[in-house]
Chemist: 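Once you've had a glance at the structure underneath, I'll fire off some questions.
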Amino acid sequence: MQGISFTAIDFETANNFRASACAVGLTKVRAGRVVAQVAWLMKPLPGYEEFHPVNVGIHGITAAHVRAMPDWRGIYGPMMDFIDGDALVGHNVSFEKSVIAKANEASGLPVPTLDYYCTLALARKQLELPHYTLSDVVGALDLPAFNHHDAGDDARASALIAIELAQRSGASTLAQLWPAASGPSARVPAYYSPGYTRKLAELPQANPQANPYGPLFGQTMVFSGDLDAMPRAEAQDASAARGATIANGTTKKVTIVVCAELERGGRPSAKVKRAHELAAAGQNIMVIGELQFLRLLAFK
């Protein structure tokens, strides 16, 4: 049998915390053909139940929709049975990877060892488009219309993108379709790993088209420690998308230091100590915790 085989995956979350999964969609592909699909709503895990208006506005799922549903602990087993050891494909699949890691961590479950392949990265490599959102890529490839931010539809759309680009390139295996990938860490950038500090060239650029009235627009930000809600790299990406400049060190240009340990009672890092020194010297700089950062991030 010729053609790629994998499971495509998509999550929706109730809020900015990756452990707040409220829906999952899965599409199984065998030999280049869709053979099965499932989608489940789920109640967010205890401690992550709040449905933020921004998220609800994106996917339309509310607390009332999931009140009678099992939470991650009830969905995880059937989800892994459906995946059955497959490589996982998704559009910006680092998000799906972090949801699984954070939800398992919150549930006391081990993080599974799975391979991840990103159709966003693949589309950027094979197509020349102004933007590479899931809708943009689906439209560019003349794939069937879908209900964006419905987890089931998004998973199927990701699967169809991979199938179409495999057919166009003549690839019959995932290794051929993603030839630069030599292992799981190569398919999802290393800087999405906990504790990794991005090199200067890896830092995202501030989006000049972001809302100029947003609280992060024009700020210069440093992140100290790993967040609970998402990998540090995703927090950096999201902040840059809202117009912030990202830095690695606390310099005289920095205006915000996000300290993951602030609300945990941990010892201040060198970045935080330097921020306090600069503030005492009169610099306009503040240190905020993760929850305050997430509130600022919610403004678009």
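Remember, it's a predicted structure, so these values are computed and weren't measured experimentally.
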Chemist: Side chain to side chain contact (heavy atoms under 4.5 Å, CB included) with Phe17: which of Leu291, Leu45, Leu227?
Modeler: Leu291
Chemist: Quick one: CZ on Arg156 to OG on Ser158, what's the gap to the nearest 0.5 Å?
Modeler: 12.0 Å
Chemist: Passes side-chain contact (heavy atoms from CB on, under 4.5 Å), Thr7 versus Thr27? Steps please.
Modeler: CA-CA 6 Å; Thr7 294; Thr27 297; over 6 Å; no
Chemist: Compare all side-chain heavy atoms of Leu134 with those of Leu120 and state whether any distance is below 4.5 angstrom.
Modeler: no
Chemist: What is the minimum heavy-atom distance between Ala39 and Gly152, and which atoms define it?
Modeler: CB-CA, 4.0 Å
Chemist: Quick one: pull up OG in Ser239 and CD in Glu234 and give me the separation to the nearest 0.5 Å.
Modeler: 11.5 Å
Chemist: For a 4.5 angstrom cut-off between non-hydrogen side-chain atoms, does Pro112 reach Ile100?
Modeler: yes
Chemist: For residues Val99 and Ala21, report the shortest heavy-atom separation together with the two atoms involved.
Modeler: CG1-CB, 3.9 Å
Chemist: Evaluate the side-chain proximity of Asn104 to Tyr76: yes if any heavy-atom separation is below 4.5 Å, no if none is.
Modeler: yes
Chemist: Do the side chains of Asp86 and Arg30 get close enough for a salt bridge, i.e. N-O under 4.0 angstrom?
Modeler: yes
Chemist: For the residue pair Asn15 / Tyr48, report whether a side-chain donor-acceptor contact shorter than 3.5 Å exists.
Modeler: no
Chemist: Answer yes or no: is there a donor N or O on one side and an acceptor on the other, between the side chain of Gln283 and the main chain of Val254, under 3.5 Å?
Modeler: yes
Chemist: Tell me whether the NZ or CZ atom of Lys28 lies within the 45° cone about the ring axis of Phe82 and under 6.0 Å from its centre.
Modeler: yes
Chemist: Return each pair, listed once, that meets ring pair (Phe, Tyr, Trp, His ring centres under 6.0 Å) where at least one residue sits in residues 218-248; pairs must be two or more places apart or across chains.
Modeler: Phe223-Phe293
Chemist: Give me the atom names and distance for the closest heavy-atom approach of Val287 to Cys259.
Modeler: CG1-CB, 4.0 Å
Chemist: With no hydrogens and no angle check, just 3.5 Å: does a side-chain donor-acceptor pair link Thr119 and His91?
Modeler: yes
Chemist: Other hydrophobic cluster members with Tyr213, side-chain heavy atoms of Ile/Leu/Val/Met/Phe/Trp/Tyr under 4.5 Å, chained?
Modeler: none
Chemist: Between Asp136 and Thr133, is there a side-chain donor-acceptor contact under 3.5 Å, judged purely by atom types and distance?
Modeler: yes
Chemist: Starting at CG of Leu160, measure out to CG of Asp142 and round the result to the nearest 0.5 Å.
Modeler: 12.5 Å
Chemist: So, for Val258 and Gly289, which heavy atoms are closest and what is the spacing to 0.1 Å?
Modeler: CG1-O, 4.4 Å
Chemist: Can you check side-chain contact (heavy atoms from CB on, under 4.5 Å) on Leu278 and Thr250, steps first, answer last?
Modeler: CA-CA 9 Å; Leu278 292 171; Thr250 308; 3.9 Å; yes
Chemist: Under 4.5 Å between side-chain heavy atoms, hopping through other hydrophobics if needed: is there a path connecting Val24 to Met69?
Modeler: no
Chemist: Check whether any side-chain heavy atom of Asp10 sits under 4.5 Å from a side-chain heavy atom of Glu96, and report yes or no.
Modeler: yes
Chemist: Is it the case that atom CG in Asn284 sees more than 12 heavy atoms from other parts of the structure closer than 6.0 Å?
Modeler: no
Chemist: Within the 4.5 Å heavy-atom criterion, are Thr220 and Ile256 side-chain neighbours or not?
Modeler: no
Chemist: Does any donor atom in the side chain of His52 or Asn16 lie under 3.5 Å from an acceptor atom in the other side chain?
Modeler: no
Chemist: Can you list the steps and then say if Arg168 with Glu164 is a salt bridge (Lys or Arg N to Asp or Glu O under 4.0 Å)?
Modeler: CA-CA 6 Å; Arg168 292 188 180 199; Glu164 177 65 20; 2.9 Å; yes
Chemist: Does the side chain of Pro70 come within less than 4.5 Å of Trp40's, by heavy atoms?
Modeler: no
Chemist: Where is the tightest heavy-atom contact between Asn55 and Thr13, given as atom of each residue plus distance?
Modeler: ND2-O, 3.1 Å
Chemist: Nearest 0.5 Å, what's the CG-CD distance between Leu297 and Gln292?
Modeler: 12.5 Å
Chemist: Is any side-chain heavy atom of Arg18 closer than 4.5 Å to a side-chain heavy atom of Phe11?
Modeler: no
Chemist: Return the minimal non-hydrogen interatomic distance between Ala275 and Val257, and the atom names on each side.
Modeler: CB-CG2, 3.8 Å
Chemist: Run the numbers on His148 and Asp153 for side-chain hydrogen bond (donor to acceptor under 3.5 Å, both in side chains), then give the verdict.
Modeler: CA-CA 7 Å; His148 195 13; Asp153 274 18; over 6 Å; no
Chemist: Within the 4.5 Å heavy-atom criterion, are Val66 and Ile61 side-chain neighbours or not?
Modeler: yes
Chemist: Run the salt bridge (Lys or Arg N to Asp or Glu O under 4.0 Å) test on Asp237 and Arg198 for me, step by step, so that the C-alpha distance in whole Å, both residues' side-chain angles and the decisive distance to 0.1 Å come before the verdict.
Modeler: CA-CA 12 Å; Asp237 290 347; Arg198 278 169 144 168; 2.9 Å; yes
Chemist: Just by distance, do the side chain of Asp115 and the backbone of Ala87 share a donor-acceptor pair under 3.5 Å?
Modeler: no
Chemist: Nearest 0.5 angstrom please: Met80 CE to Asp84 CG, how far?
Modeler: 9.0 Å
Chemist: In terms of hydrophobic clustering (I, L, V, M, F, W, Y; side-chain heavy atoms under 4.5 Å; direct or indirect links), are Phe146 and Val89 co-clustered?
Modeler: yes
Chemist: Please evaluate residues Phe217 and Asn207 with respect to the criterion side-chain contact (heavy atoms from CB on, under 4.5 Å), reporting the C-alpha separation (whole Å), side-chain torsions for both, the decisive distance (0.1 Å), and the verdict.
Modeler: CA-CA 9 Å; Phe217 189 89; Asn207 174 17; over 6 Å; no
Chemist: Parallel, tilted or perpendicular: which describes the rings of Trp178 and Tyr117, with under 30° parallel and over 60° perpendicular?
Modeler: tilted
Chemist: Using a 3.5 Å distance criterion without hydrogens, assess whether the side chain of His276 forms a donor-acceptor pair with backbone atoms of Lys273.
Modeler: no
Chemist: Examine Leu174 and Val34 and state if one hydrophobic cluster contains both, with Ile, Leu, Val, Met, Phe, Trp and Tyr joined whenever side-chain heavy atoms are less than 4.5 Å apart.
Modeler: yes
Chemist: Answer with yes or no whether the hydrophobic clustering places Val38 together with Leu41; edges join I, L, V, M, F, W, Y residues whose side-chain heavy atoms lie under 4.5 Å apart.
Modeler: no
Chemist: Say whether Leu143 and Leu177 are linked into one hydrophobic cluster, either directly or through other cluster members, by side-chain heavy-atom distances under 4.5 angstrom.
Modeler: yes
Chemist: Between Asp154 and His149, is there a donor-acceptor pair closer than 3.5 Å when you use the side chain of the first and the backbone of the second?
Modeler: yes
Chemist: Could you state the interatomic distance from CD1 (Ile246) to CD (Glu202), rounded to the nearest 0.5 Å?
Modeler: 14.0 Å
